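What you see is a predicted model; the values in this text were computed from it and never measured. In this chain, residues are counted from 1 in sequence order.
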Amino acid sequence: MTEYTPDEQAQLNAAAQAGAELRQMDGAFDKIRGDMLELIAKSAMGESVLREKLYLGVSVLDQVRTLLFTMADGVTVIDSNALIRKLMDEGEG
């Protein structure tokens, strides 16, 4: 079992809390994305600038969502740090 420092444990707890809060907001991301796609579908032929801006908005929203979930999932980074520390400790012993 991986042993964590108190700081790493606090980071894990914060990441778990952030992940839980983001999962509660996931529906909001879906709603906003769906609304933008609906506006694209309903736009008139001459509204290409509007469609381009909406597509950009969908892209940015998707990137923000991905980044937030990646940042909230700090477990990978913390596990890597703990593994490196363990290997270094074993190398010294």
Output the distance between atom [atom1] ([X]) and atom [atom2] ([Y]), rounded to the nearest 0.5 Å.
X     : Y     : atom1 : atom2 : value
Lys53 : Leu39 : NZ    : CG    : 13.5 Å
Glu21 : Leu68 : CD    : CG    : 11.5 Å
Lys42 : Ile40 : NZ    : CD1   : 13.0 Å
Met36 : Leu56 : CE    : CG    : 9.5 Å
Met25 : Ile32 : CE    : CD1   : 8.0 Å

Check: Quick one: does Thr66's side chain have a donor or acceptor within less than 3.5 Å of a partner on Asp62's backbone?
Finding: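 Flag set: sc Thr66 to bb Asp62 pair under 3.5 Å.
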Checklist entry - With a 3.5 Å cut-off and no angle check, do the side chains of Asn13 and Gln17 form a donor-acceptor pair? => result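 Their side chains do not contain a donor-acceptor pair, so the 3.5 Å distance test is not met.
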Polar side chain donor-acceptor pair, Ser59 to Gln63, under 3.5 angstrom |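 Checked: Ser59/Gln63 side chains pair up, N/O donor to acceptor below 3.5 Å.
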query = Side chains of Leu61 and Arg65: does their closest heavy-atom pair fall under 4.5 Å?
reply =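 Counting from C-beta outward, Leu61 and Arg65 never come under 4.5 Å.
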Next item on the list: Check whether Val60 and Leu37 end up in the same hydrophobic cluster, where Ile, Leu, Val, Met, Phe, Trp and Tyr are linked by side-chain heavy atoms less than 4.5 Å apart.
Entry: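 Linked, Val60 and Leu37 end up in one cluster.
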Check: Which pair of non-hydrogen atoms, one from Arg51 and one from Ala44, has the smallest distance, and what is that distance?
Finding: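 For Arg51 and Ala44, the tightest heavy-atom pair comes out as NH1-O, 2.6 Å.
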